Number of protein chains: 4
Amino acid sequence: MDADSKKMSRRERERQLRRQEILEAARAVFSARGYEGATLDEVAREAEFAKGTLYSYFDSKADLFAALVEREFEHVTERVKEVLAGESEPVRGVRAVIRVLLEFFESRSDFFRAAMALRDTGQREEVERIRATVKKKVDELGDIIGARLADGIRDGHFKEYDARFLGFLLLGIVHNYSVCAIKHGGDESLVSGADMLCDIYLDGVRILRPDVPEEE
Amino acid sequence: MDADSKKMSRRERERQLRRQEILEAARAVFSARGYEGATLDEVAREAEFAKGTLYSYFDSKADLFAALVEREFEHVTERVKEVLAGESEPVRGVRAVIRVLLEFFESRSDFFRAAMALRDTGQREEVERIRATVKKKVDELGDIIGARLADGIRDGHFKEYDARFLGFLLLGIVHNYSVCAIKHGGDESLVSGADMLCDIYLDGVRILRPDVPEEE
Amino acid sequence: MDADSKKMSRRERERQLRRQEILEAARAVFSARGYEGATLDEVAREAEFAKGTLYSYFDSKADLFAALVEREFEHVTERVKEVLAGESEPVRGVRAVIRVLLEFFESRSDFFRAAMALRDTGQREEVERIRATVKKKVDELGDIIGARLADGIRDGHFKEYDARFLGFLLLGIVHNYSVCAIKHGGDESLVSGADMLCDIYLDGVRILRPDVPEEE
Amino acid sequence: MDADSKKMSRRERERQLRRQEILEAARAVFSARGYEGATLDEVAREAEFAKGTLYSYFDSKADLFAALVEREFEHVTERVKEVLAGESEPVRGVRAVIRVLLEFFESRSDFFRAAMALRDTGQREEVERIRATVKKKVDELGDIIGARLADGIRDGHFKEYDARFLGFLLLGIVHNYSVCAIKHGGDESLVSGADMLCDIYLDGVRILRPDVPEEE
DNA sequence: CATGAATGAGACTTCATTCAT
DNA sequence: CATGAATGAAGTCTCATTCAT
């Protein structure tokens, strides 16, 4: 995106800039009100553009939200890729991913909340596009994580479940943790939350008792 | 509810019956369209009542949905209580709970999807009541599970994390699993899903290697 | 009405009784909410009848209100007639009428407020009948008072304006006084209000010169 | 309003213009149907705007009516102030006020009818704001007239009743006269109506004794 | 392009009236 | 007759989208 800027005319560059401003405003409003609750009036006000102007950048409310989803997920996905590129050991890789995801989800928790709500809620036709987009981006992210888990499985570090599934499970656990108000303890720092999630995701809730025979 | 039927007049009993019919229709529509996407027109059509009739049973769209949430969650909660009452061993208890939850969430997955979406999405005033209701019922359920986990923690079966938190984590994992399209394998039976979730929730994704020293 | 009771069957007598009960309830509700604001639901609840029952006594909401108007105005008119029958002297007659009207209007001020509002407000078709009724009853009352004023005019006690007009003016002044919150002084007793209105209606607001002896 | 026009942008000026158009249409519809009987559909049709457009100028039906009340009453109040400013003699002042009020009330009689009906009728919550507005504006007008009457009382021209009360009485008499269909005679000109009302308000309906010289 | 006024379909809600029991 | 559940027309209000300037 930025990389392409050099090839753009000034006009085109400014257009991209305004597009980003609108997306930024949209994020604020959608985060605060949810997709259905948000109005383009408010987005326009926040972006300091006229309502009509939004329509020369995005086709519709749904399109705007979808674009936003793309952008935000691309950020996370990018970071996850970076982290995974810098850590080849599977278990440490998982830990790093959980930490990064948690960071992102927490910093944008209201937005992800709104986006994930649309992923799952069967809605009217207009919203179908967004669902598809959210799903696509979540799948993408899940697959990237899953790919690494697959490596770990092959190496004998992780149980032999479907790697994709394990990826989504990880995503789900982290998202759930950051989005729900119910957290471990009260004022826990983000890091300790991450540690705990890592611990449970990796070793479960049961206490290991090498001397105790597996029940049943 | 049923227990009270005897004390009701025929009129009152019929009223309760029709109320249930409306709730049933509402579940279908809300499940298919989500809260915002659903219209009372469609609920009325589905229930084969005039729109106005709905209003003699429920005060508003939000009220109708909230009532539905209460009813559905009460069903699950009831079953979970039963299951826990019949199983005092903590680990087996957790397994049973996961199985029951999965059953319920899967059989009503679209509805729980719609309900859970409202739990977290900050929205307009009208929806606030529903959010509160969903949160209340989810908390109730989470607490019941958490209470049993607390026992397990005390007995040294589970790690010493906040029991409430572990309860919600369990709830989140199961809900996430049943709600998302992405599952382990493809046509796996429901049972295998439950087994897998149990396995991971209890022992994590990492393979136990007693002979291998903990890394890092 | 009561006079006719003897000729009625028990059934018919009871019917009349229930009709009166409904009218009584209707008065309470219409007084509190105004014609448009009142609902038949509330009237039925107040009357302790089912809503449908109202329709076997009155054709419609408008019809019920019209009947109520008739009844209430007939009471005032009756009393005014009595008073006038007992007082042949014009000035004293006017005084007595003002006193009676004030009594009635104050005791039923909310109702007369609601009724008079309909007299003047052009509304949708449905209400037209009520307007006509209110107008008819007000006219009737105005004419009765006007007739006595006409006598006074003929006798040289009152100015030679249209007697009907003077009658309505009197009615208007009293109604206005009893219906508006704005009154002379604060906790004035009803009587002093009547005296004042009499004084002004008869002699105006202007002070008679001190060298001129007060007539009567 | 007009005075500020210069400072407004063209856009703002046009907006004000359209606002006035809507108010004009609203006056026509509310006058013909009364507040409750009027529908925004009809106002929109009359104003030749879409229904939704009304809502970018006024928050609600009640808000639109309240704005209308403010505007109309401000016109009368303005004129009354002017007239009083140009006439310091109390009795002549009263005469001038009656004439001006009559003029206004007659030219907009249907509207004032609708407005005054709301002043007194206890109704549902939504209307409360309008009631308050009407009351405020009527009180304002009554007080202005009352203030002048107070001067007259102090100077010994008027009887020593509460000046506020006398102001409202005057208002009531004139409004009543212009609003009711029942008037003095039939086709009497407006002026003679005013003269008559002046005569009666000042000196009442009773004939002054022949041996008593007419004052002034 | 930017603007924001205008649009109008569509949603929720109310309530007088009807009618089967 | 009494009942009150059911009806559905009608009203208010919202807001995504369009379009003339």
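The model shown is predicted, which means the values in this text are computed figures rather than measured ones. Keep in mind that the numbers below use all heavy atoms, side chains included, and drop hydrogens, waters and symmetry copies. Proteins come first, then strands; the chains are lettered A, B, ... in the order of their sequence lines, and each starts at number 1.
Summarising the geometry, the separation between CD on A/Gln16 and C1' on E/dC1 is reported as 15 Å, rounded to the nearest angstrom. Look at OH on C/Tyr35: it is 13 Å from P on E/dC15, rounded to the nearest Å. Between A/Glu42 atom CD and E/dG4 atom P there is a gap of 17 Å when expressed in whole angstrom units. Note: CZ (A/Arg129) to C1' (F/dA16) measures 16 Å, nearest angstrom. Between D/Glu126 atom CD and E/dT13 atom C1' the separation is 13 Å, expressed in whole Å. What separates CD of D/Glu36 from C1' of F/dA10 is a distance of 14 Å, to the nearest Å. Computed from coordinates, the D/Glu14 CD to E/dT3 P distance equals 18 Å when rounded to whole Å. B/Asp41 places its CG atom 13 Å from the C1' atom of E/dA9, with the value rounded to the nearest Å.
Taken residue by residue, residues 56-65 of chain A places heavy atoms nearer than 4.0 Å to DNA chain E at A/Ser56, A/Tyr57. Only D/Phe49, D/Ala50, D/Lys51, D/Gly52, D/Thr53, listed by number, bring a heavy atom of residues 48-55 of chain D to less than 4.0 angstrom from any atom of DNA chain E.
Under the side-chain hydrogen bond (donor to acceptor under 3.5 Å, both in side chains) criterion, C/Asp59 pairs with no residue at all, not counting sequence neighbours. In terms of the side-chain hydrogen bond (donor to acceptor under 3.5 Å, both in side chains) criterion, residue partners of D/Tyr57 (sequence neighbours excluded) are, by chain and number, D/Arg18. With sequence neighbours excluded, the residues that form a ring pair (Phe, Tyr, Trp, His ring centres under 6.0 Å) with A/Phe111 are A/Phe65. In this structure A/Phe73 satisfies the ring pair (Phe, Tyr, Trp, His ring centres under 6.0 Å) test together with A/Phe112, sequence neighbours excluded. Checked against side-chain hydrogen bond (donor to acceptor under 3.5 Å, both in side chains), C/Glu21 has no partners two or more places apart in sequence or in another chain. Not counting sequence neighbours, the partners of C/Glu42 by the side chain to side chain contact (heavy atoms under 4.5 Å, CB included) test are C/Val29, C/Arg33, C/Thr39, C/Arg45. Among residues two or more places apart in sequence or in another chain, the side-chain hydrogen bond (donor to acceptor under 3.5 Å, both in side chains) test is passed with C/Lys51 by C/Asp41. The side chain to side chain contact (heavy atoms under 4.5 Å, CB included) check on B/Ala62 picks up B/Tyr35, B/Ser60, B/Glu126, B/Ile130, with sequence neighbours excluded. Scanning for ring pair (Phe, Tyr, Trp, His ring centres under 6.0 Å) contacts around B/Tyr55 gives an empty result, with sequence neighbours left out.
Salt bridge absent: D/Glu46 and D/Arg27 never bring a charged side-chain N and a carboxylate O closer than 4.0 Å. Under a 4.0 Å N-O distance rule, the pair D/Arg129/D/Asp63 qualifies as a salt bridge. A salt bridge does not link C/Glu36 to C/Lys61: none of the charged side-chain nitrogens sits closer than 4.0 Å to a carboxylate oxygen.
Backbone-only contact: A/Ala38 has heavy atoms under 4.0 Å from sugar-phosphate atoms and none from a base.
Between the two ends of the helix from E/dA2-F/dT21 to E/dT21-F/dA2, each summarised by a five-pair axis, the helix axis turns through 10° (rounded to 10 degrees).
Taking only side-chain atoms of B/Arg11, from C-beta outward, the nucleotide of E/dA6, F/dT12, F/dA5 with the closest atom is F/dA5.
For E/dC1, neither phosphate oxygen OP1 nor OP2 lies less than 4.0 angstrom from any side-chain nitrogen or oxygen of A/Arg18. In terms of phosphate contacts, C/Arg15 brings a side-chain nitrogen or oxygen within less than 4.0 Å of OP1 or OP2 of F/dC1.
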